[in-house]
Each structure stands twice: as structure tokens, then as C-alpha cells.
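Written below as C-alpha cells is the structure these notes are about.
Atoms considered below: every heavy atom in the structure, side chains included; atoms not considered: hydrogens, waters and symmetry mates.
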Amino acid sequence: MSVGEKLWAEVPRLRKIWEDLKNVGDDVLRQFSTPQEFIDWFKAYADPVLQFHYVIGHEWGATTDVDGVRSWLRQGVWNEWAAAADVAKMVTEYRDLIDTEFMTMLAQQISDEGRHLYLRSRILRAFGGSMEGFQPIKEWVELFELPFVCAPKNMKFFQVRATSTLQVVELTSVYHHRGVHDALPKNRTLMEGPYRSAAVMLQESFREIEDDELFHWSIAERVWMKYAKDPEAMRNILDCAAEALRVSTEARVRRVELAEKKAI
């Protein structure tokens, strides 16, 4: 059984988590006396999904080969561009709906995503790869379209819903990147082959990017701390956060599956 097949077999057991998050009742939400209690509850409830993202990264990092890295990185380069484009769209096309308190943080995220794009592109070249002929995986296209599908469903809570989509994806990325970072040193095919220096560069990049993603996730935490003060706001958060957990999980497993087949 391939790594992709093993990972897909695990996805059904996680579906109940994001399905239940979308249907949490007011009786539960009223129990949170502060936004911090709500944030802590969300992270605990979503933890099995977050841990699975670690597993996705670890399984891929431990088993991939050079051709698999090239394929996987091609999607990664596009993802950084798409993330920067998403945040830029939020602060330009929807600027009247964004709390000015968070504009500087979102601008920093755009800068971070641009640096990640450069970093991943450089590593792709070090592995002898390029973006020639690349077409993004449809699940990742769906993922980066999701903020502008989910957030406009309630314009009163546009920023809350948008950050509860994109920044929750960033939280899953933190766990995913930790998994890859921890697994790569065990991959002898990469670490003892002719692309060792590129493999070390790849491993080190995950620690750097993870630090940025923790900051990006903190934007959602800060938004939630300010606005998650009643069941209505919390329901709007969970509606988009649950979708972000679902689509990011499916997109990451598909990426591993296709990278194994060198089909990206």
C-alpha cells in the first residue's frame, strides 16, 4: 500500500470532527466565558486533525525520493503565491471590511508568503526541478478559493470568517511542517545521495517557515480574542474553520498521493 493510500484510509475517521464543529449548538458555545476559553476548546477539539497533518508530513518526508520532492515542491511554490494573493485580495478588495488593527499583521503575512515563494523556488531549482508545465492540484485551488467562498456568506462577519479559513489552514501547516522537518533526517535516499545539500536546505526551510506560520495563525487568535464574545460570532468562526480543516486535509493527502506518482 502506498503512503497516499494509507493516508486516505485515515481520513474517514476525522470527518466527524469537522462535521461536528459546523453543528455545535448554542448550549455549548454559551459555556465559554471568555474568547480564550473558546480558542483553547477549538484547538483541543481539532487536535486529532492537526496531529494527522503532522503524520502526513512525516510519512511523506520519511519515504519520498528526489523526483517526489521535485513534484511536491512544484505545488508548494504555487501555494505560496496563492497564499500571498489571498491576503492581498483581503486587504485590497475587502479593505472596508478589515479592522485596521490587523492591517499591519496581514501586510507582514503577504511579505512572509513572498519570501516563502522565493525560498521554495530556490530549493526546487537545487533539486533540478522547475515550474515548467505546472498545473495546480484542484483541491489546492479549492482551498485558496475557500476564504472568498466562505467569508461572503455573512458579510457582517467577513473578517472573522476569512481569517477563520485562511489562518486555520496556517495552523494545519504548522503541524505538517513539523512532521516533514522531523522525518527528513531519517530519509537516507535524500540525505546520503547527490542532492544532500538540497535536502538539508529543504529540511531547514521548514523550521523557518513554521515560525512564520505560527505568527499567521496568531492573527486568527487575535481576531477571535476581539470578536468571539457571543455564540453568533463563534458559529461564524466554526463554519469556516471546519471547512478549512476539511479541505486542507484532503488537499494535503492528494498532494502526497500525486507526488508519489510524480504527477504534479
_Crowding at CH2, Trp81 (>12 non-hydrogen neighbours, <6.0 Å)_ =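 Atom CH2 in Trp81 is not packed in, count stays at 12 or less.
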*What orientation do Phe32 and Phe38 show, parallel under 30°, tilted 30 to 60°, or perpendicular over 60°?*
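Perpendicular: the ring planes of Phe32 and Phe38 meet at over 60°.
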*Measure the acute angle between the ring planes of Tyr94 and Phe158, then classify it against the limits of 30° and 60° as parallel, tilted or perpendicular.*
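Because their plane-to-plane angle is under 30°, the rings of Tyr94 and Phe158 count as parallel.
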Quick check on the 6.0 Å ring-centre criterion: do [X] and [Y] meet it?
| X | Y | answer |
| --- | --- | --- |
| Trp217 | Trp224 | yes |
| Trp60 | Trp72 | yes |
| His181 | Phe206 | no |

*Can any side-chain N or O of Arg74 pair as donor or acceptor with the backbone N or O of Glu132 at less than 3.5 Å?*
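Such a contact is found between Arg74 side chain and Glu132 backbone.
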*Okay, side chain of Lys262, backbone of Glu260: is any donor-acceptor separation there less than 3.5 Å?*
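Such a contact is found between Lys262 side chain and Glu260 backbone.
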Let me confirm one number: the [atom1]-[atom2] distance from [X] to [Y], rounded to the nearest 0.5 Å.
| X | Y | atom1 | atom2 | answer |
| --- | --- | --- | --- | --- |
| Ile56 | Tyr54 | CD1 | OH | 13.0 Å |
| Trp41 | Leu29 | CH2 | CG | 6.5 Å |
| Met201 | Arg122 | CE | CZ | 5.0 Å |

*Side-chain heavy atoms of Asp182 within contact of His58, under 4.5 Å*: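 Side-chain contact under 4.5 Å: yes.
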*Residue pair Ser205 / Ile123, side-chain heavy-atom distance below 4.5 Å*: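 In contact.
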*Applying side-chain hydrogen bond (donor to acceptor under 3.5 Å, both in side chains), run through Thr163 and Arg222 and close with a yes or a no.*
CA-CA 10 Å; Thr163 55; Arg222 296 176 206 205; over 6 Å; no
*I would like to know whether Glu80 and Arg115 meet salt bridge (charged side-chain N to carboxylate O under 4.0 Å, His left out); could you show each step before the answer?*
CA-CA 9 Å; Glu80 302 296 355; Arg115 182 164 49 80; over 6 Å; no
*With the 4.5 Å side-chain cut-off for hydrophobic clustering, are Ile110 and Tyr118 part of the same group?*
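Not linked; separate clusters.
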